[in-house]
Amino acid sequence: AQKITQTQPGMFVQEKEAVTLDCTYDTSDQSYGLFWYKQPSSGEMIFLIYQGSYDEQNATEGRYSLNFQKARKSANLVISASQLGDSAMYFCAMREGTGANSKLTFGKGITLSVRP
Amino acid sequence: KAGVTQTPRYLIKTRGQQVTLSCSPISGHRSVSWYQQTPGQGLQFLFEYFSETQRNKGNFPGRFSGRQFSNSRSEMNVSTLELGDSALYLCASSLPLGGYGYTFGSGTRLTVV
């Protein structure tokens, strides 16, 4: 079974509007972390936001917020006031385990295009 | 402070050759992990090094190897290159327990012809 599922096809959003990128995950661990990364065409993976499994509040970082619904195992990224520079691939990732066994597992990614 | 530095940025190799990629982590980060990104398979974990020891390995053949030096810089090596090894190779540095996040470099884009 896939650990991280991102099923949306390419997403389009009008500049200055908000957009939600979906992510569901599957784990039996009690302690895990969820990440969102942005990858522009240059290839670099840019960290956006992190949510720990024990965090009770949804994470926020500027225009980015993470809608964490633990019971549903979803961790959707919300981008408010979209900008043209937000056009990129977006990856949801999960870290399971700690120490020697920890690694990131990525979803397939979602392409976001911001229209002027 | 300086980010994660990967060299070279682009590389073209011939089938059967070997290649070495380099990754310099953020100062103070002692954990370096490597990922392969292809259009078909997406991002896949290769291995992770901490304190010069490989402590986690993904499901890749033995042609893929790596090492870490005492200054935390890491190299990965791919021997007997195959066309399917063409990919973007990303390294990430982090605090020992993965911590708050993994900081990625810009990647090395390897093309095997």
Side-chain angles (χ1 to χ4, degrees), chain A residues 2-8 10 23 25 27 29 31-55 57 59-62 64 66 75 77 88-111, chain B residues 3-11 21 23 26 29-51 53-60 66 86-111:
Chain A
Q2 283 188 338
K3 295 246 181 195
I4 297 286
T5 303
Q6 296 180 263
T7 57
Q8 291 167 304
C23 172
Y25 60 92
T27 181
D29 282 5
S31 176
Y32 54 89
L34 296 158
F35 302 79
W36 277 91
Y37 284 89
K38 170 185 176 182
Q39 187 178 42
S41 56
S42 61
E44 183 180 4
M45 296 287 282
I46 301 167
F47 167 76
L48 295 178
I49 198 165
Y50 167 81
Q51 179 85 42
S53 58
Y54 292 116
D55 295 341
Q57 303 255 12
T60 60
E61 290 281 355
Y64 304 106
L66 199 152
L77 176 70
M89 281 283 286
Y90 288 80
F91 291 91
C92 179
M94 177 171 63
R95 172 180 52 80
E96 296 174 284
T98 57
N101 293 320
S102 67
K103 64 177 183 180
L104 287 180
T105 301
F106 286 87
K108 295 293 187 184
I110 302 167
T111 301
Chain B
V4 178
T5 304
Q6 289 190 250
T7 56
R9 284 283 278 134
Y10 302 93
L11 209 47
L21 312 181
C23 173
I26 287 174
H29 284 193
R30 295 167 59 195
S31 174
V32 174
S33 46
W34 289 88
Y35 293 80
Q36 180 197 64
Q37 185 178 22
T38 60
Q41 299 298 317
L43 280 145
Q44 294 185 285
F45 172 75
L46 280 157
F47 29 64
E48 187 211 4
Y49 285 86
F50 173 69
S51 290
T53 301
Q54 184 186 90
R55 62 177 189 176
N56 202 357
K57 189 178 191 304
N59 189 25
F60 278 82
S86 295
L88 179 66
Y89 290 88
L90 291 158
C91 91
S93 77
S94 63
L95 294 170
L97 297 181
Y100 185 76
Y102 297 73
T103 304
F104 283 81
S106 298
T108 293
R109 193 169 294 279
L110 171 66
T111 303

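Numbers restart at 1 for each chain; the letters A, B, ... are given by sequence-line order, proteins then strands.
By a heavy-atom distance cut of under 4.5 Å, B:Tyr35, B:Gln37, B:Gly40, B:Gln41 are the residues of residues 34-41 of chain B near chain A, going up by number.
A distance of 11.0 Å separates CZ of A:Phe106 from CZ of B:Phe45, quoted to the nearest 0.5 Å. Between A:Phe35 atom CZ and B:Tyr102 atom OH the span is 6.0 Å, to the nearest 0.5 Å. Note that the CE atom of A:Met89 and the CG atom of B:Leu43 stand 8.5 Å from one another [nearest 0.5 Å]. Here the NZ-CZ distance, from A:Lys103 to B:Arg55, works out to 13.5 Å after rounding to the nearest 0.5 Å.
Heavy atoms closer than 4.5 Å to chain B are found in both the backbone and the side chain of A:Leu104.
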